[in-house]
Amino acid sequence: ELIQYQLIPIVGYTELKTHYDKLDDDISNIILLGCGSMVDLESFFEIDPNAFMDNDSGLDEAEQTSSRKIYVIDGHKPWNLDNVFGSHIITCLDDGFIDRELSKEKEAYETLISLQGDEDEDDSSDSENESTDEDEDEDNHEISEDEDADRNVSDSSESRKRKHKAEHKAKKKKIKHNEQILEGYYSTGTTISVSVSLQVYTLLSEIGETNTENLWLTIIGTISLDSQYPEVYRSTFKSLKSEVTRLNPTTLNNTKNADSSSLSIDTDYYLFLLRHWTLYDSFFYSNYVNAKLSIWQEEGRKKLHKMFARMGISLQDTKQHWLYMDSTIKKNLNVTFNRVLGYYGLEDVIREGFLRTFGFRGSISASECVESIAALLEHDKSAVEYSEDEDINELISKKEKVWISNFWSSWDALDNNVELITKGLEYAKDYQKIIFNTGMAILEKRMLKNLKIYRLVVLKDGPDIEYFKNPLILTRLGNWILESCAEFDRNLLPLVLAALDEKTDTYLVIGLAPRYPRGRKNLEDLNQSTTMLNTFSIAFQQVANNTGAKVRIDSFESSIIEIRKEDLAPFLERLTLSGLV
């Protein structure tokens, strides 16, 4: 709409506050994407609500409008209720969750605001009553002429006090009850319940501005949650599919030309970059296949080889790059998969997905594009060097500058930049190998500790330890471990994963919610929802406060922290005993 705006990628809360403080007073609209929903923004930004109110309009306070609006579009839960119900400046946009799920919390919040206002009045009233009662007593001593009148005054005063105490007690009880409702709401744990890109697309559809390009971005954003929050993607797949059919009816005829940029529904796989790698590597490095077959064990690798033999595909053919593999094998692959994979519990390998065609330059599925974009975000440019005499703040600043640079590379790739997407795919293969090799070493060397209430892995060394300073890659490793654990141990436990950064003498620590096994049959057996809440966000903060550990909590994912090397052991010990997980 030719509206002038600035786009600012933000690393964490510290940077968010810094950028907000730099804004000119005449900035009227601020949109927070993927951040801001879980903190009280008015307090965090130190906003005086009256500073942006039009007090000269002659309107009542309730009707006055603010000259600045902050819009929050964020899938993180739980919402901070001060943002949702207590601010004229902040508007939270969501998928109907607030109206649908938070009626009890809204009532408790509004009741508390009302009662706490009354409490302030009662406190001032109490002090007035005390002085009035004292004055009455003095007057009675001085001018009382009749003992009965004296007694009546005393009885009346006592009655008022008893009534006031009873009301005060009832009010305190009501306050405590409503505080418990809000404490229960905030303490259940964190999750992501909706894709930010899908929320934005819904807004576009309301004003009739949808198109294939925006839908493609929406699909990428939504499928990016599949590895950690598969239920979010699964619940929105049908809607996305019908939207693709509506906007791209011609793709049903599979017509292609040099300029076509179509979006279609096509076969997709729980295999890693199948169309851009070998069949063997795609199976071998797939999280799904690894978890189901336990490929990290020798027995699992033998099973994989037997599976290819049963398919009638030689190991030599499986190790041919997809582009050069026998066309007959490729053509019959889905039939072959359907015939064989069920024997190995891999019947969910084949699924429906979305394919984007860039004329004759090639095509890419949404899941493959996500892997490319994620790898571009994770890529640690080797040109960044750290000198010995730099302090920790300088090191953190350098690291965050790399992340910002990676953001813009990923941004450019999303503009249908096939060359950058291809580069991202090569990075993705390298990172997946690193994750697999590290995960395999963790399981083989029994570095995965079961602490009854959570699992623990501490990475101190190894050939690839440098890569796990990045929270994105460390989270991917955590997901790999959890997916494997879900298959060989039905005791579904959360995971704490810590990786040492020797340059800063700190550990990067992440806490991840447990995972259900993938696959329809498993979910039917479990007979429960796949949403698992992450309780580490609250636990990490409370344990850090109780232990006095030097902890840096700056990530929008509040279950990601940095902690001093010497503080890790006592921190984990207290976490185990805290009862908060």
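- With rounding to the nearest 0.5 angstrom, the OG atom of Ser224 is 10.5 Å from the CD atom of Glu371.
- For Glu502, the CD atom sits in a loose shell: 12 or fewer heavy atoms of surrounding residues, nucleotides or ligands are nearer than 6.0 Å.
- More than 12 heavy atoms of other residues, nucleotides or ligands shown are found within 6.0 angstrom of CH2 on Trp322.
- Heavy atoms of other residues, nucleotides or ligands lying less than 6.0 angstrom from NZ of Lys401 number 12 at most.
- Taking the centre of each ring, Phe354 and Phe237 come in below the 6.0 Å mark.
- The aromatic rings of Tyr280 and Phe284 sit parallel to each other, their planes meeting at less than 30°, with 60° as the upper class boundary.
- Between Tyr467 and Tyr427, the ring centre distance reaches or exceeds 6.0 Å.
- Open room surrounds CD on Glu573; 12 or fewer heavy atoms of other groups in view lie less than 6.0 Å from it.
- For OH of Tyr270, the number of neighbouring non-hydrogen atoms (other residues, nucleotides, ligands) closer than 6.0 Å is greater than 12.
- Taking the six-membered ring where the residue is Trp, Tyr285 and Trp277 present parallel rings, their angle staying beneath 30° rather than reaching 60°.
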Quiz prompt | CA sep, side-chain torsions, deciding dist, call: Asp74, Gln199, side-chain hydrogen bond (donor to acceptor under 3.5 Å, both in side chains) | solution = CA-CA 9 Å; Asp74 189 5; Gln199 287 177 274; over 6 Å; no
Can you give each donor-acceptor pair under 3.5 Å made by side-chain atoms of residues 433-447, sequence neighbours left out, with the distance rounded to 0.1 Å?
unit_1	atom_1	unit_2	atom_2	d
Asn437	ND2	Lys433	O	3.2
Thr438	OG1	Ile434	O	2.8

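- Residue pairs that meet the salt bridge (charged side-chain N to carboxylate O under 4.0 Å, His left out) test with at least one member in residues 265-274, sequence neighbours left out, are Asp268-Arg351.
- For the ring pair (Phe, Tyr, Trp, His ring centres under 6.0 Å) test with Phe571, the passing option among Phe536, Phe540, Tyr507 is Phe540; the others fail.
- In this structure Asp489 satisfies the side-chain hydrogen bond (donor to acceptor under 3.5 Å, both in side chains) test together with Arg455, sequence neighbours excluded.
- Open room surrounds NZ on Lys423; 12 or fewer heavy atoms of other groups in view lie less than 6.0 Å from it.
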